[in-house]
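One-based numbering along the sequence shown.
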Amino acid sequence: MSAREFRPPHAPGFRYRPLPAWLAHALYVPRVPVPRGAMARGLLGALPLVLAVAAGRPGLGVMAALGSLLAAVNDRPGSRRTAGLRLGAPALAGTCGLLLGSAATTLLPHPAQPLLLPLVLTVLGLFAGAVSAVGPVASGIGTQVLVTTAIGAGMPLPEPGWQRALAFLTGAAWLLALRLLLPSPDDGARHPYRLGTERASVASVYTAIAALLDATGTPAAPARRSALTTALDQAQDALLGPRLHRFTNSAAERRLHARLDAALPLAEAATALYWAGRPLPARTVRGPLALAEAVRADTVPGPVPAPARDAPGLRALDTSLLSALAVFASAPAPGPAVRAPRGARARLRAARRRATGPAGREYGIRVALSMGAATAVAQSLHPQHWYWLPATAVFLVKPDLGPLASRVLCRIAGTLAGAGLFAGLAAVAAPVPLPPETGLVALAALCATLVPLAMRHFALQTAVVTLLVLALVGLGGDTQATWNRLTDTLLACGIVLLAGHLPLPGRAGTVARGRLATASQAATDYLGHVLSGSPDLPGRWALRRAAYRSLAQARAAVEVSAAELPPLARRSAGAAEVTAVLERLVDTTTAAAVHADDAGTLPARDTARLRALLGELDTLDRHRTPVPH
């Protein structure tokens, strides 16, 4: 995101300089829908805390609320079938972390703990950080095991370790049960429970196709093409995610898979029309919109107007639309509707390569340094309540939360706001003749409700989570926590900034560089398939999807790297230009494939354009030299 330059009326000719990328990123708040379902689950997730406090066991209630909170952080939009892995796997890792932390304080000699605990967390951080580079679920696993290990070893509670771990798992399991069993108003479908999220995600693909067709030839078209890529990625994730039950032979799911497959040639034709850049008649979008409504309602669309057929892209769109209408009108074929995903052994090999690759090694080392240093500093400052500092460092060092400088600024601002608001609320509630536990439980329930809404921005999330954790800490008996947490946060920010900027062996910027290499290979594979003239259309669509998905991931990684402070941003210098050329190459390859289908051979004009883009890409690669440490 870049700040807008403007000319104030009182100073003609003067322009304010745009904000630096690292500051502009910290100030940007995206517009996202209100997650009503997640907020309702957050409120109901506080029930174990209420019951435990009412039973006179606030310590167990704190652990249950903590498990629910960390599960809520992973409760992102997605289908129910993926929720079991997305929420459950990190919760199990967090339970193991609590047991490990409790065992460490029990088994390690007390006089040697200031030396041995930093060592234990450093080694654990090395492995957890490397695992976090595998993907989003693995990142949640690595984060929770580190946070809960620090809490299990450092939070003084009267209950034994196994009871705390069981309470933590109960809170997380309760939130997961709410996610799996309750109908969600966020599904957006007429049948909100049975495949509701999956149906809504497939409908959004057709809506995105219509939006791209509507914007063709306008400045909004590139953003609409990116939105179509995002919609396709989310729909495939929703349908191909891990299953908690077997629905592969149900007619409803086979019908949904067939309708998603029917969208792929439509998306290809829409991309070719976007590449041509010619505005289209209004009737062109009516077909995809009718298909989107049919997916939402799980019905068959009525007659739709046919697009004109005076260009290769329009002829491809008309043919794809007729094929899609035939798919919608026919009964799904018996048997599984989807190709079998890669086997467990192949997925394990791929995960091992990511964890032991350059990005995994770099991230593991930085997490280990941050955890070890934060634990050692906290042990020396306040050995009775040292867990906050390393737990803060874990969240700060996570690369999937945005640029490091933005994370640090947002963490400081959010912690200051949360701690100040908590102190103000405590002062207002002091004269009220109610048990203090009542106010703390009410505050925790309110914050648990607001966590999903606050996740649109890291500073807002930090403020709400700070309020919630201070309420839980107060229920646990620590009444002097408020301003100590701010000091610990500032120390953690300094430690993570230092660890994030330390020079390490090897090439710099491994995450963005690796994503860009993957995108380049995917684009090359797609181009090779099109140039070969292969008649395998499903194979071509799969390669096109892989190219666009990897390009979206590369662009996100490059944008995050470019928004770092200058010493880190220089690592990805020139990567944005390479990503832009790769996107134009894949767009041109898509248009060339559609033109070849129409003409029977690849037009010479498209061949020349592809050759020119390959030459431009080769020139950029030759001029991009790694920045030395």
Task: Within-4.5 Å side-chain heavy-atom neighbours: Pro90 and Leu70 - done: no

TODO: May I ask you to decide if Leu396's main-chain N or O and Arg407's side chain share a donor-acceptor pair within less than 3.5 Å?
DONE: yes

Open item on the list: Any non-hydrogen side-chain atom of Gln113 less than 4.5 Å from a side-chain atom of His110?
Closed with: yes

Open item on the list: As a quick check of understanding, evaluate side-chain contact (heavy atoms from CB on, under 4.5 Å) for Leu490 and Ile412, giving each step before the final call.
Closed with: CA-CA 7 Å; Leu490 293 174; Ile412 293 173; 3.9 Å; yes

Open item on the list: Donor-acceptor pair, distance only, cut-off 3.5 Å: does the side chain of Arg224 make one with the backbone of Ala208?
Closed with: no

Open item on the list: In the structure I gave you, are the side-chain heavy atoms of Thr148 and Leu99 within less than 4.5 Å of one another anywhere?
Closed with: no

Open item on the list: Treating Thr143 as the side-chain partner and Gly140 as the backbone partner, does any N or O pair qualify as donor plus acceptor under 3.5 Å?
Closed with: no

Task: Side chains of Thr392 and Trp388, donor plus acceptor under 3.5 Å - done: yes

Task: Sub-4.5 Å side-chain heavy-atom contact between Val295 and Arg199 - done: yes

Open item on the list: Apply side-chain contact (heavy atoms from CB on, under 4.5 Å) to residues Arg456 and Leu453 and explain how you reach the verdict.
Closed with: CA-CA 7 Å; Arg456 65 183 64 192; Leu453 181 64; 3.1 Å; yes

- [ ] Starting at CE of Met371, measure out to OG1 of Thr122 and round the result to the nearest 0.5 Å.
- [x] 8.0 Å

Task: Minimum side-chain heavy-atom gap Gln461-Val73 below 4.5 Å - done: yes

TODO: Give the minimum heavy-atom separation between Gln379 and Leu117, together with the two atoms involved.
DONE: NE2-CD1, 3.6 Å

Task: Atom pair CG (Leu47) and CH2 (Trp174), whose distance is rounded to the nearest 0.5 Å - done: 5.5 Å

Open item on the list: Could you check whether any side-chain N or O of Arg366 sits under 3.5 Å from a backbone N or O of Leu502, counting only pairs where one atom can act as donor and the other as acceptor?
Closed with: yes

- [ ] Identify the two heavy atoms, one from Val145 and one from Thr149, that lie closest to each other, and give their separation to 0.1 Å.
- [x] O-OG1, 2.5 Å

Task: Leu116 side, atom CG; Thr375 side, atom OG1 - distance, nearest 0.5 Å - done: 12.5 Å

Task: Shortest non-hydrogen contact from Ala444 toward Leu472 - done: CB-CD2, 4.3 Å

Open item on the list: Treating Glu437 as the side-chain partner and Val53 as the backbone partner, does any N or O pair qualify as donor plus acceptor under 3.5 Å?
Closed with: no

Open item on the list: So which atom in Arg549 and which in Thr229 form the shortest heavy-atom distance, rounded to 0.1 Å?
Closed with: N-CG2, 4.4 Å

Task: Euclidean distance, Leu470 CG relative to Leu443 CG, rounded to 0.5 Å - done: 9.0 Å

- [ ] Going by the side-chain contact (heavy atoms from CB on, under 4.5 Å) test, name the single residue among Thr466, Val465, Val464 that passes it with Thr462.
- [x] Thr466

- [ ] Would you name the heavy atoms of Ala492 and Leu389 that are closest together and state the gap between them?
- [x] CB-O, 3.8 Å

TODO: For the residue pair Glu253 and Glu198, establish whether any side-chain heavy-atom pair is separated by less than 4.5 Å.
DONE: no

Open item on the list: Would Arg86 and Asp237 count as a salt bridge (charged side-chain N to carboxylate O under 4.0 Å, His left out) here? Give the steps.
Closed with: CA-CA 12 Å; Arg86 192 175 63 248; Asp237 290 342; over 6 Å; no

Task: Interatomic distance, Leu69 atom CG to Phe168 atom CZ [nearest 0.5 angstrom] - done: 9.0 Å

- [ ] May I ask you to decide if Pro403's main-chain N or O and Ser406's side chain share a donor-acceptor pair within less than 3.5 Å?
- [x] no

Open item on the list: Strictly distance-based, threshold 3.5 Å: is any side-chain N or O of His25 a donor or acceptor partner for the main-chain N or O of Pro20?
Closed with: no

- [ ] Show the numbers, then the answer: is there a side-chain contact (heavy atoms from CB on, under 4.5 Å) between Phe422 and Leu440?
- [x] CA-CA 10 Å; Phe422 184 83; Leu440 292 174; 4.1 Å; yes

TODO: Nearest 0.5 Å please: distance from the CG atom of Leu421 over to the CG atom of Leu416.
DONE: 11.0 Å

Task: Check: Thr415 side chain, Arg411 main-chain N or O, donor-acceptor pair, under 3.5 Å - done: yes

Task: Candidate pair Gln163 and Arg57, rule side-chain contact (heavy atoms from CB on, under 4.5 Å), full reasoning - done: CA-CA 11 Å; Gln163 289 187 11; Arg57 303 295 298 272; 3.2 Å; yes

- [ ] For the residue pair Asn74 and Gln144, establish whether any side-chain heavy-atom pair is separated by less than 4.5 Å.
- [x] yes

Task: Sidechain-backbone polar pair: Ser68 side chain, Ala64 backbone, donor-acceptor under 3.5 Å - done: no

Task: Beyond-backbone contact of Leu497 with His501, side-chain heavy atoms, under 4.5 angstrom - done: yes

Task: Where Val134 and Ala351 come nearest, the two heavy atoms and their spacing - done: CG2-O, 3.4 Å

Open item on the list: Has Trp386 got a side-chain atom pairing as donor or acceptor with Ala376's backbone, closer than 3.5 angstrom?
Closed with: no

